[in-house]
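First the proteins, then the strands, lettered A, B, ... as listed; each starts at 1. What you see is a predicted model; the values in this text were computed from it and never measured.
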Amino acid sequence: MRPTRFKNPNVDESQFQLRLVVAYVFMLLMFCVLVGRFVWLQVYQHDRFTTMANNNRISLVPILPNRGLIMDRNGVILAQNYSAYTLELTPSKMPDLDATVAELSKLVDITPRDEKRFKKLLGESRDFESVPLKVKLSDEEAARVAANAWRFPGVEVKARLFRDYPYKELTSHVLGYIGRINQKDQDRLDEEDKTTNYKGTNYIGKTGLENVYEDDLHGEVGFEEVETDSGGRAIRTLRRTPPVNGNNLKLALDIRLQEVADKLFGNRRGALVAIEPSTGGVLAFLSKPGFDPNLFIDGIDSQSWASLNTDWQKPLINRALRGTYPPGSTFKPFMSMAALETHSIGMHDIRPAPAFFTLPGSSHQFRDSNKRGNGSVNLARAITVSSDTFFYKLAWDMGIDKIAPTVGQFGLGRPTGIDLDGEASGVLPTKEWKAKRFARYKEEFRRWYPADVVSIGIGQGFNAYTPLQMANATAILANDGVAFKPHLVQQVVDAKTGKPRVIEPKPDRVLAFRKENFEYVKGGMEGVLKPGGTAWRLGVGLTYSMAGKTGTAQVVQIKQGAKYNAAALAEQYRDHSWFIAFAPVEQPRIAVAVIVENAGFGAAAAAPIARGLFDFYLKGKVPDAVAGDLKTVPMDTADDSAATSD
Amino acid sequence: MTLQPHLIRRLWLAVKAPLDGPLMLILGLIFALSLVVLYSANNQGLDKIDNKLVYTALSLSVMWLLARSRPQSVMNFAPPIYIVGVLLLLAVHFKGVTVNGSTRWLELGITRIQPSEIMKIALPMTLAWFFQKYELSMRWWHYLVAAVMIAIPCALVLKQPDLGTTMLIAAAGFFVLFFVGLPWKVILGGIVAGAASLPIVWNLLHDYQRRRVMTMIDPMEDPLGAGYHIIQSMIAIGSGGPWGKGWLNGTQTHLDYIPERTTDFIFAVYSEEFGLVGNVTLVILYTLLISRAMMITARAQTLYGRVMGGAITLSFFVYAFVNMGMVAGILPVVGVPLPFVSYGGTATVTLFIGMGMLMGIGNQRR
């Protein structure tokens, strides 16, 4: 082994100096590397890091626009916003969600319903989104949570604007409701490139007008550029782009009329649509029963949802828009128009209206609703007394090819184009329709039989229309063929300028039918409310002229020779009661279609509702049956409307 | 009684006599700069400036005392200090205070001390003393003894665990061996062996230490976790640009994005506000300080003086380089303050002790 000795100080000295130089050069080189790094960061990457520094400190805070209000034709507010505190939790920011909820429940009254709804919302939201645990905190509760906020990371009390539908069930099927944006909505927003405009918004129109007019109601989101520190605290505002509030909607609907209609229905099921024939404006739009749309805004709890969803009365279904029913005898005026227009009958032709009708070579009896028959009548009289056998024969003589095209022009069997989503088209039966409808069945089912047309002639058979279609058709008839597209929204009031964008009452189309044919059929309908007419009782005491047609739609087929006995049938199999009407006859201001489900004869259930509605709309007379029961109709305003209508 | 001008002059001369002019000038410039940065980093609070003035004054007096002492006599304190240091490290091991998972401190009632800090100076001193003592009868096994003397404190500090300080202590020890004349073959062999044993060392590292290394290699991998500090300080440096954002105008600094911004990460604050120009200025000041220290070391008369001077200079360089390299994202995050700039009394005292010894070595001329 070689001993290491330092015997020669000079050798040592020079070796030491060499090492010193090596060390010095090494240090200088390393400093050069460091400076190189600085140059790279501060010169070459300067822009990139400047952007990162700005992204760090500047955050864009969305400022929510106020959602547009919805008002009725008189300016009564049907959908509004109010400010309230919510307790919101961001799951990703808290160590133990369940423990936090348990702790919070000591400060704030959290009902099992709140908790269930929260669980449901959690499942639909992403981790970093804040989810409301309880909405509408009292001031005291909000203060209590705020004072304890330091104990709960990820828990915030936020002041938010809430949507409120003060008329609840009354407007549920018109306004629809807004609800929390779910994945499906988000995908749609992404697709339509609207995500930016929904920054900070949790709500979007789900159904009804809230959905159709979403773009108008939502407005444009504003932004605030805020300088924030690393803890996310805002230090100062750098720039601000104010939001543009949503546009207000002014409806053609009259909430007072809507309420009168609702009260006249009472607890019965059905639908009513009232239209102003000269504009197509929808005056009343009711589907009974309704539901409270407020329940849906912040996510409905599963219990309420289940009870709404499984209710046999199906309150969630918009009967006026989506319920399709055979129109029964209310079909006869349109059938009559077809007969006159195709010259299948003359105005003065008298034909028999016996107790029953049989097809040549068949023993099947098509019975008349009047078991004694109605003797011999002309077409107008056949409408007035609602002779089934008259129309059986008429339909048989005409055949479907002469009926469908004319009737179809009244808009039956296709969507009316109203400003609501999901309208049903119904069925205007034709040979082509039947072949298509039963395409997958045997030929004998697809084939059109001449006999098919017989029951169609009285509004039964394959006929199926929505109450909206019937109201629309009635309005077109009342208006002598000048057809408007029915619409709920009359004006969209621009939030920026305050100027209304009027939805022009422009005729959609004009039916090229002869004026005297309209007059003739309307005369027959006017007779319905006169002595001898099927609804003559309702004509008693009329101070204006009114025309109508009763209808009774079969739900189940009655066996040959058997007698319809309402009492013997379970309620949901009883006949539907129909009534269509308009008034005043000379210059119609309102046209209506009413259906009361499983309520029997048209004259008995549906017609009184129409009469009550007209009395109120045209004369300001509150129907006795509902007087004192109305929230929206102070007596003096009712008198005003009577004064203006004369 | 009024002070006579010549009395003041004599006092001034007496104070100044042991001090090294160039070193004092450079230290003064760095110190002035550090006050400016600290004022900004502390959000214009004066409390830390006050503290810094106090502990700097204390450190200066220690330095002055060491500067006027003969290195030969100071040297003799080395072995006892080393032994006490090792004992204190053992005490830390058994009775230390644990903060953030590492046991580095001893609770003394009034204050906490970090014995590993003592070793940064005590180890090279002791080694230098050892080699001075056996200067004329050096044999290969003296290196072995020295290696053991290095290994004992390093092992104890590594167990705390404190990888950064371990490396600084080991480096100080190695610098002594380097200047004593450890053969190049051994040094190169050591580097090769070290590189070969990296995988083994990797396995011995704690999870958080491995994470730090990984974070250094790619901080963007974990931008909200371990990489956060490094990314934020790199953003501060990069966004400072060539000329800086101006004093008190650093957004990263004042919006609280820079962690530990008065201590280990104070360089990010400086760099954001003074830019590349500021950085180069500081590097030049450090280079001048190192150059002057090298000159003093080169003229040292004894083995102890040369070896100790070299070790102090290289250690100083390592602190500066490791700190700036860490903040700039080219070295892993280890708790090393920026010499004379970072806020913190212990580290400052250690550094001024080093400077004092250096001046003492410079003053000892034949």
So how far is it from B:L282 CG to A:F38 CZ, rounded to the nearest 0.5 Å? 8.0 Å
Heavy-atom nearest pair, A:Q42 first then B:L276, reads OE1-CA, 2.9 Å
What one should report as the nearest heavy-atom pair of A:A23 and B:F179 is CB-CZ, 4.0 Å
Is it the side chain or the backbone of B:L182 that comes within 4.5 Å of chain A heavy atoms, both, or neither? both
Please say whether more than 12 non-hydrogen atoms of neighbouring residues, nucleotides or ligands are located less than 6.0 Å from CG in A:D193. no
When heavy-atom pairs shorter than 4.5 Å are enumerated against chain A, which of B:G309, B:A298, B:G310 gives the highest number? B:A298
Taking the side chain as everything from C-beta on, heavy atoms only, tell me whether A:L20 gets closer than 4.5 Å to B:R306. no
Aromatic plane relationship, B:F321 with A:F31 - under 30° parallel, 30 to 60° tilted, over 60° perpendicular: tilted
Which is it for A:V35 and B:N279 under the side chain to side chain contact (heavy atoms under 4.5 Å, CB included) test, yes or no, and what are the steps along the way? CA-CA 8 Å; A:V35 170; B:N279 290 354; over 6 Å; no
Please check: side-chain N/O of B:Y257 versus main-chain N/O of A:N56, any donor-acceptor pairing under 3.5 Å? yes
Choice from A:T51, A:L34, A:T50 maximising heavy atom contacts with chain B below 4.5 Å: A:L34
Heavy-atom distance under 4.5 Å between the side chains of A:Q45 and B:M234, does that happen here? no
At a 4.5 Å cut-off on heavy atoms, which part of A:V22 comes close to chain B: side chain, backbone, both, or neither? side chain
So which heavy atom on A:A53 is nearest to which on B:T251, and how close? CB-OG1, 4.5 Å
To the closest 0.5 Å, what do you measure between OG (B:S239) and CG (A:L41)? 10.0 Å
Which of B:L303, B:I235, B:D256 touches chain A most, by non-hydrogen pairs under 4.5 Å: B:I235
Does A:K119 NZ have over 12 foreign heavy atoms under 6.0 Å away? no
So, taking the atom named OH in B:Y286 and the one named CE in A:M27, what distance separates them when rounded to the nearest 0.5 Å? 14.5 Å
Let me know if B:W184 has heavy atoms under 4.5 Å from chain A in its side chain, its backbone, both or neither. both
Has the side chain of A:R37 got a donor or acceptor atom that lies under 3.5 Å from a matching backbone atom of B:A328? yes
What distance separates A:M52 CE from B:Q252 CD, expressed to the nearest 0.5 Å? 9.0 Å
Specify which of B:V318, B:V280, B:I290 makes the most heavy-atom pairs with chain A at under 4.5 Å. B:I290
Region of A:R19 that comes under 4.5 Å of a non-hydrogen atom in chain B: both
CD/A:E192: more than 12 non-hydrogen atoms of other groups inside 6.0 Å: yes
More than 12 heavy atoms from other groups under 6.0 Å of CZ on B:F174: yes
